[in-house]
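Notes for the one structure printed next.
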Amino acid sequence: MTFSVNTNAGAMIALQNLRETNARLEVVQRQISTGLKVSSAKDNGAIYAIAQGMRAKVAGYNVVKQSLDRGTSVVDVAIAASESISDILIEMREKALAASDRSLDQQSRNALNEDFVQLRDQIKTIIANAEFNGINMIKSGGDDLSVLANDDGSSRITFAAEDLSYGPPGGPGTNIILSEDATISAFVNADLAISELDSSIDNIGAVLARLGSASKRLEIQSSFTDKLTDALEKGIGNLVDVDMAKAAAELQALQVKQQLGIQALSIANRAPQALLQLFR
């Protein structure tokens with residue numbers, strides 16, 4: 001064993017070990033404070049890059065969820081409006097049937113016609129206001145609905161507009177087979193209105209079926225997006241989250257190791273003082 005006042009090998013080793021302990025202690029403390037074992041690229045570049053890519057997907061699917069929610073609201077508004085129109089058409093048919101009675105006097109027929117016209121015009125009001133987020137699926141020349149289906153925008157779900165407007169005067173509409181100036185003031189007109197309303201009610205039923213299917217599809221896609229987002233977030237957690245129980249145990253061990261390292265360094269630093277005994 002060589003004694004030297006210039007080189008203290010024991011202190012060097014003790015200091016090196018203490019530095020390693022302090023470095024690891026700093027890492028564990030950061031993990032506990034952030035809850036992450038990989039909080040930056042310095043911790044693990046490959047894992048951090050993978051996690052960032054997955055976080056980008058989660059952010060993308062959050063946007064998809066927002067798009068699906070808006071689409072669902074648009075369809076819900078269209079369904080509510082269509083149901084109201086269907087109810088009105090049934091009531092209009094009731095008025096037309098009553099007006100078709102040949103034994104009815106003209107005054108009564110005129111009263112029925114007044115109710116009929118008010119109901120007819122109410123449908124126009126409903127259609128004009130069946131809008132959400134600037135999209136109206138049931139007006140003449142209505143807006144098709146297109147929503148995001150994946151996180152990069154390459155896939156979309158599209159639903160065609162449903163035209164519930166009246167046809168032009170003297171001509172049928174797409175689904176409501178009734179002109180916008182239809183009346184039942186004469187029993188002949190009432191007979192025609194009954195036939196047109198029967199077809200219109202059937203057509204509105206088909207429209208409601210399509211809109212209902214669209215709403216169900218959006219609901220399924222939204223549920224799938226939620227599950228996919230949850231799976232991605234769980235995957236990110238598996239990659240970067242720290243095991244807090246394990247970290248707490250390691251912290252305790254490192255703190256003890258740090259204290260022992262400081263004590264070992266103190267002992268090593270006192271070793272050269274033993275050389276003084278040689279000169280007494």
Side-chain angles (χ1 to χ4, degrees), residues 70-146 158-220:
R70 286 193 297 271
T72 298
S73 296
V74 170
V75 173
D76 286 347
V77 168
I79 289 175
S82 300
E83 288 175 344
S84 295
I85 291 171
S86 180
D87 291 340
I88 291 174
L89 290 175
I90 292 172
E91 191 172 353
M92 289 173 69
R93 187 186 185 281
E94 180 184 356
K95 303 297 182 184
L97 182 60
S100 69
D101 186 354
R102 268 50 173 180
S103 64
L104 195 68
D105 62 83
Q106 190 59 44
Q107 183 177 358
S108 298
R109 185 174 286 109
N110 289 339
L112 289 169
N113 182 66
E114 182 62 29
D115 289 345
F116 183 90
V117 169
Q118 291 299 322
L119 292 169
R120 181 198 69 191
D121 292 343
Q122 180 60 28
I123 289 179
K124 297 179 184 178
T125 302
I126 291 173
I127 292 172
N129 290 279
E131 179 179 307
F132 183 87
N133 196 38
I135 299 176
N136 188 326
M137 293 186 69
I138 64 172
K139 67 180 181 180
S140 178
D143 309 300
D144 292 342
L145 176 63
S146 180
T158 303
F159 304 102
E162 301 283 356
D163 186 356
L164 299 189
S165 63
Y166 291 116
T174 303
N175 289 296
I176 299 182
I177 313 301
L178 195 72
S179 65
E180 61 182 3
D181 61 350
T183 65
I184 56 171
S185 55
F187 64 81
V188 175
N189 294 338
D191 289 341
L192 177 61
I194 293 172
S195 176
E196 292 177 339
L197 286 166
D198 283 339
S199 297
S200 300
I201 291 169
D202 289 341
N203 290 342
I204 295 297
V207 168
L208 284 168
R210 289 192 292 271
L211 290 174
S213 296
S215 179
K216 186 64 177 179
R217 184 177 178 186
L218 288 170
E219 180 184 342
I220 292 171

Can you see which heavy atom on [X] is nearest to which on [Y], and at what distance?
X      : Y      : value
Asp191 : Ser100 : OD1-CB, 3.3 Å
Phe116 : Ala96  : CE1-CB, 4.4 Å
Glu162 : Arg210 : OE2-NE, 2.7 Å
Ser185 : Asn113 : N-OD1, 3.3 Å
Ala161 : Asp144 : N-OD1, 2.8 Å
Ser108 : Asp105 : N-OD1, 2.9 Å

Between the side chain of [X] and the main-chain N/O of [Y], is any donor-acceptor distance below 3.5 Å?
X      : Y      : result
Asn133 : Ile135 : no
Arg70  : Phe132 : no
Asp143 : Met137 : no
Asn129 : Thr125 : yes
Ser215 : Gly212 : no
Thr158 : Ser146 : no

Evaluate the side-chain proximity of [Y] to [X]: yes if any heavy-atom separation is below 4.5 Å, no if none is.
X      : Y      : result
Ile138 : Val207 : no
Ser82  : Ile79  : no
Thr183 : Arg120 : yes
Leu89  : Ile85  : yes
Arg93  : Ile194 : yes

Applying side chain to side chain contact (heavy atoms under 4.5 Å, CB included) to Leu208 and Glu83, what does each step give before you reach the verdict?
CA-CA 7 Å; Leu208 284 168; Glu83 288 175 344; 3.7 Å; yes
Determine whether the side chains of Gln106 and Asn110 contain a donor N or O and an acceptor N or O closer than 3.5 Å.
yes
Whether the Gln118 and Gln122 side chains hold a donor-acceptor pair (N or O, under 3.5 Å, no angle test) is what I'd like checked.
no
Does Leu218 form a side chain to side chain contact (heavy atoms under 4.5 Å, CB included) with Phe159? I'd like the steps, not just the answer.
CA-CA 10 Å; Leu218 288 170; Phe159 304 102; 3.8 Å; yes
Gap between atom [atom2] of [Y] and atom [atom1] of [X] - 0.5 Å precision:
X      : Y      : atom1 : atom2 : value
Gln107 : Leu112 : CD    : CG    : 11.0 Å
Ile204 : Ser199 : CD1   : OG    : 11.5 Å
Ile90  : Ile201 : CD1   : CD1   : 5.0 Å
Ile184 : Lys95  : CD1   : NZ    : 8.5 Å
Leu164 : Ser84  : CG    : OG    : 11.5 Å
Glu196 : Ile176 : CD    : CD1   : 11.5 Å

Verdict with reasoning, Ser195 to Asp198, per side chain to side chain contact (heavy atoms under 4.5 Å, CB included)
CA-CA 5 Å; Ser195 176; Asp198 283 339; 5.6 Å; no
Please determine whether the number of non-hydrogen atoms from other residues, nucleotides or ligands lying under 6.0 Å from atom NZ of Lys216 exceeds 12.
no
Consider side chain to side chain contact (heavy atoms under 4.5 Å, CB included). Of Leu178, Asn175, Thr174, Ile127, which one does Tyr166 pass it with?
Leu178
